[in-house]
S.K.: 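Starting off with a structure, shown below.
None of the values given here were measured: they were computed from a predicted structure. The sequence lines fix the lettering, A, B, ..., with proteins before strands; numbering per chain opens at 1.
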There are 2 protein chains.
Amino acid sequence: MATMHDVARLAQVSVSTVSYVLTGTRPISQATRDKVLAAMAELDYQPNAMARGLASRRSRILGLLMPMDERGLGATETAFVTGAAAAASSAGYHLVLSPVGGGDLDDLRRLASQRMLDGVVLMEVQLADERVTVLQETGVPLVLIGRTADTSTLSYVDIDFDQTVREAVAHLVGLGHRRIVYVNHSAATLASGYGPALRTRDAFVAAMTGHGLDPVMIAAEDSAAGGRAALAAAFARAPELTAVLAMNETAIFGILGELTGRGLSVPGDVSVVSMVTSPQVAELATPALTAMTSPGSALGRIAIEALVRHLDGPAVERHLDGPAVERHQQLLPCALEVRGSTAPPRSRRPVGADQ
Amino acid sequence: MATMHDVARLAQVSVSTVSYVLTGTRPISQATRDKVLAAMAELDYQPNAMARGLASRRSRILGLLMPMDERGLGATETAFVTGAAAAASSAGYHLVLSPVGGGDLDDLRRLASQRMLDGVVLMEVQLADERVTVLQETGVPLVLIGRTADTSTLSYVDIDFDQTVREAVAHLVGLGHRRIVYVNHSAATLASGYGPALRTRDAFVAAMTGHGLDPVMIAAEDSAAGGRAALAAAFARAPELTAVLAMNETAIFGILGELTGRGLSVPGDVSVVSMVTSPQVAELATPALTAMTSPGSALGRIAIEALVRHLDGPAVERHLDGPAVERHQQLLPCALEVRGSTAPPRSRRPVGADQ
DNA sequence: TTGAAAGCGCTAACAC
DNA sequence: GTGTTAGCGCTTTCAA
């Protein structure tokens with residue numbers, strides 16, 4: 001493995017010159033640059049990332065910390081990751097994903113304190129999230145996907161759940177639905193402080209109330225069985241329901257199965273809208289689901305861009321906690337994609353503009 | 001950020017002593033160790049990973065290279081990742097996932113050449129995979145998940161597709177099915193040299209032939225629509241089919257939908273077995289799918305263990321390509337998990353032991 | 001426009 | 001059982 005010294009010797013220049021053509025930190029004459037480049041090519045030189053990192057105190061590596069305790073990454077998360085990776089790469093950074101489980105807080109602290117990561121994006125943030133605290137203590141530049149309860153000192157990008165729910169409800173109401181049931185994640189998930197579940201719940205109540213309708217919410221376990229149970233509960237609570245809005249990507253298959261099992265057709269008897277769902281999953285169902293499509297890759301891109309802006313920005317007071325530190329806080333709504341699972345309810349026509 | 005020097009000064013010992021209590025590379029008296037540990041705690045010392053890596057020429061980081069071009073990680077891949085992460089962690093390594101797209105071969109080469117990764121696990125290997133070549137050229141220790149066509153010089157862990165298909169077919173045949181259609185990935189995927197698709201195809205032909213049955217294979221696009229089309233094609237090719245064996249986790253939802261659409265019940269009229277599927281996905285369907293469950297986390301664990309054994313093993317001739325380099329080559333079968341989607345065909349009873 | 005040299009924070013001989 | 005010290009391969013002053 002050739003080193004910079006080898007390159008310098010072959011090109012008949014000093015090591016610093018080689019370093020400067022690599023970093024572009026100071027002007028180099030074309031002739032010298034060519035010599036150096038030729039030498040590099042000849043030796044198949046690759047800079048040693050460790051040495052570079054040690055000397056420059058920057059690894060040029062960004063970490064994407066994602067919990068993997070659950071049922072895997074959906075297409076949504078995947079889009080997120082690829083968006084982030086692309087943004088990192090075009091900013092000259094590597095992106096590595098670190099599968100941090102919930103338990104290993106120490107592991108997380110170590111990872112962040114070892115100066116191996118220039119910055120970190122944390123996914124699946126809870127309203128009260130110890131990981132955020134740990135990360136803040138270590139001083140690594142940090143951007144969240146999702147939000148903690150108190151966001152005053154943090155940078156984050158998140159889905160605009162309020163807007164998303166409002167649009168979904170408006171779609172159904174526009175079709176003429178009045179009895180709409182919201183199927184959320186499980187009670188346990190809600191209790192654990194999972195932001196999306198909590199925020200969509202509140203947004204649903206607000207949206208329905210705004211339309212003068214009664215908000216009915218059911219919690220469902222993340223499984224097909226949970227979805228079936230939730231649908232049964234929904235009919236118990238609101239026998240005349242004509243539409244289901246589901247936040248739970250897993251339960252929704254159970255909901256559809258149970259609907260079919262009860263001899264009810266989608267969207268003839270009951271309309272179904274899936275929230276924060278990828279097109280891939282929406283297309284899996286029969287009929288394909290009308291869904292609110294998450295802005296996955298944009299979220300990833302924006303998070304990384306915010307992080308990079310911070311890192312590559314003026315080196316001033318990067319470690320001062322003064323109010324001068326710029327935070328990036330942004331919400332992106334999901335987009336309504338109408339497919340085959342929504343239609344006007346059987347018993348009534350779409351409401352008119354003046355109604 | 002405290003350095004080793006600070007710790008040494010506070011503990012009144014030399015830096016090397018601090019280093020040795022950290023690495024455990026030579027005996028240290030209990031008294032000294034305690035002093036050092038106390039100093040570390042007091043200063044909240046964290047070793048600098050870059051410096052350590054530069055000096056020791058080992059980053060203690062393992063890379064898991066996974067293509068993310070597609071529809072996301074299923075529960076299978078997730079189990080894989082968590083298995084790998086756990087194994088790495090308990091061997092004292094960090095595991096980072098790198099989302100390498102198909103295109104960036106140069107990016108891959110750079111990543112591997114920069115001495116940032118002590119070893120690499122490559123997922124989703126194709127029969128002819130340029131990435132393997134690139135990686136081998138860089139000289140990083142490498143373990144594959146999946147296999148290239150020529151495995152003579154490589155370490156790998158893979159699913160035993162032969163055995164898995166044989167068991168799946170045996171299950172159906174045991175129930176009395178004779179007309180079994182195999183729904184594979186798309187023709188394009190097959191043409192691209194995707195090992196699992198190719199290997200299961202061959203295994204299916206072998207297994208069916210072994211039972212004296214006619215092997216019918218249909219290629220399906222990876223979508224619900226693809227599944228529906230495949231089922232139509234299957235009925236065209238084999239009108240009297242009573243069972244479907246599906247390799248395509250995405251298409252299977254279309255298959256089920258189309259079956260229902262034709263007024264056919266599962267498993268009453270047609271039995272369905274899903275290959276290389278996670279329990280989570282299998283439970284999504286109604287009825288829950290009988291499936292061959294992939295040994296996800298075991299695969300991940302074994303791959304990492306093989307890599308670590310290589311890295312931590314005798315430092316002898318690690319860069320020699322002599323025949324002394326031990327390769328790890330192992331196949332693991334999927335396990336049959338019977339759920340609600342398989343039953344004896346309507347028209348006949350299970351075959352007896354002597355039949 | 002270029003070179004010399006002092007580190008970055010650690011590991012691992014080598015010495016005792 | 002412990003200390004000294006020469007690097008690891010690079011970046012970045014300082015000096016020309």
S.K.: Sub-3.5 Å donor-acceptor pair from the side chain of A:R58 to the main-chain atoms of A:L311, do we have one?
M.R.: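 Answer holds: yes.
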
S.K.: What is the distance, rounded to the nearest whole Å, between atom CG of B:N48 and atom C1' of C:dG9?
M.R.: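 Nearest whole value for this atom pair: 6 Å.
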
S.K.: Rounded to the nearest Å, what distance is computed from the CG atom of residue A:D6 to the P atom of nucleotide D:dG9?
M.R.: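 One finds 9 Å between P of D:dG9 and CG of A:D6, rounded.
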
S.K.: Does the D:dG3 base have a donor-acceptor partner in the side chain of B:R26 within less than 3.5 Å?
M.R.: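 Such a pair is found, so the answer is yes.
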
S.K.: Do A:T32 and A:V21 have side-chain heavy atoms sitting under 4.5 Å apart?
M.R.: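 Of all side-chain heavy-atom pairs linking A:V21 with A:T32, none is under 4.5 Å.
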
S.K.: Quickly work out the A:M4 CE to C:dT2 P distance and round it to whole Å.
M.R.: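 Those two atoms, CE and P, are 15 Å apart.
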
S.K.: Can you check the A:Q46 CD to D:dG9 P distance for me, whole Å?
M.R.: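 My rounded result for the distance is 15 Å.
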
S.K.: Could you tell me the separation between the NE2 atom of A:H5 and the P atom of D:dC10, rounded to a whole number of Å?
M.R.: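 Result: 9 Å.
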
S.K.: Specify the separation, in whole Å, of atom CE of A:M50 and atom P of D:dC10.
M.R.: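 To the nearest whole Å, that distance equals 13 Å.
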
S.K.: Quick check: are there more than 12 heavy atoms from other residues, nucleotides or ligands sitting under 6.0 Å from CD of A:Q136?
M.R.: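 Result for CD/A:Q136: enclosed.
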
S.K.: C:dG9, C:dA12, D:dC10: which one has an atom nearest the side-chain heavy atoms of B:L54?
M.R.: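 Given the options C:dG9, C:dA12, D:dC10, the side chain of B:L54 is closest to C:dG9.
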
S.K.: Side-chain donor-acceptor pair under 3.5 Å between B:S19 and B:S16, yes or no?
M.R.: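 No pair is found: no donor N or O on one side chain lies under 3.5 Å from an acceptor on the other.
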
S.K.: In terms of the nearest nucleotide of DNA chain D, which residue is placed more toward the 5' end: B:P27 or A:P47?
M.R.: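 Per heavy-atom nearest nucleotide, the more 5' residue is B:P27.
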
S.K.: Without swapping roles, check the side chain of A:T76 against the backbone of A:G296 for a donor-acceptor pair under 3.5 Å.
M.R.: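 Not confirmed, A:T76 side chain does not pair with A:G296 backbone.
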
S.K.: Heavy-atom count around A:Q330 CD within 6.0 Å, excluding the residue itself: above 12?
M.R.: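 More than 12 heavy atoms, drawn from other residues, nucleotides or ligands, come within 6.0 Å of this atom.
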
S.K.: Hey, does the side chain of B:D6 reach the backbone of B:T3 with a donor-acceptor pair shorter than 3.5 angstrom?
M.R.: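 Yes; at least one donor-acceptor contact below 3.5 Å.
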
S.K.: Taking DNA chain C as the partner, which of residues 28-42 of chain B come within under 4.0 angstrom of it by heavy atom?
M.R.: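 Result for residues 28-42 of chain B: none.
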
S.K.: When the distance from CE of A:M1 to C1' of D:dG9 is rounded to whole Å, what number comes out?
M.R.: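 One finds 13 Å between C1' of D:dG9 and CE of A:M1, rounded.
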
S.K.: Any side-chain N or O of B:R52 less than 4.0 Å from the OP1 or OP2 oxygen of C:dT11?
M.R.: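 Result: yes.
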
S.K.: From C-beta outward on A:A55, which listed nucleotide comes closest to its side chain: C:dG9, D:dG1, C:dG7?
M.R.: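 Selected nucleotide (nearest to the side chain): C:dG7.
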
S.K.: Would you say the side chain of B:M4 lies within less than 4.5 Å of the side chain of B:N48, judging by non-hydrogen atoms?
M.R.: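 No, too far: nothing below the 4.5 Å cut-off.
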
S.K.: Tell me, do B:S90 and B:R301 make a side-chain contact under 4.5 Å, heavy atoms counted?
M.R.: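 Counting from C-beta outward, B:S90 and B:R301 never come under 4.5 Å.
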
S.K.: Given atom CZ of B:R58 and atom C1' of D:dG9, what is their separation to the nearest angstrom?
M.R.: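 About 18 Å, once rounded to whole Å.
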
S.K.: Heavy atom of residues 10-25 of chain A under 4.0 Å from DNA chain D: which residues?
M.R.: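 The stretch gives A:S16, A:S19, A:Y20, A:T23 as the residues lying under 4.0 Å from the strand, ordered by number.
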
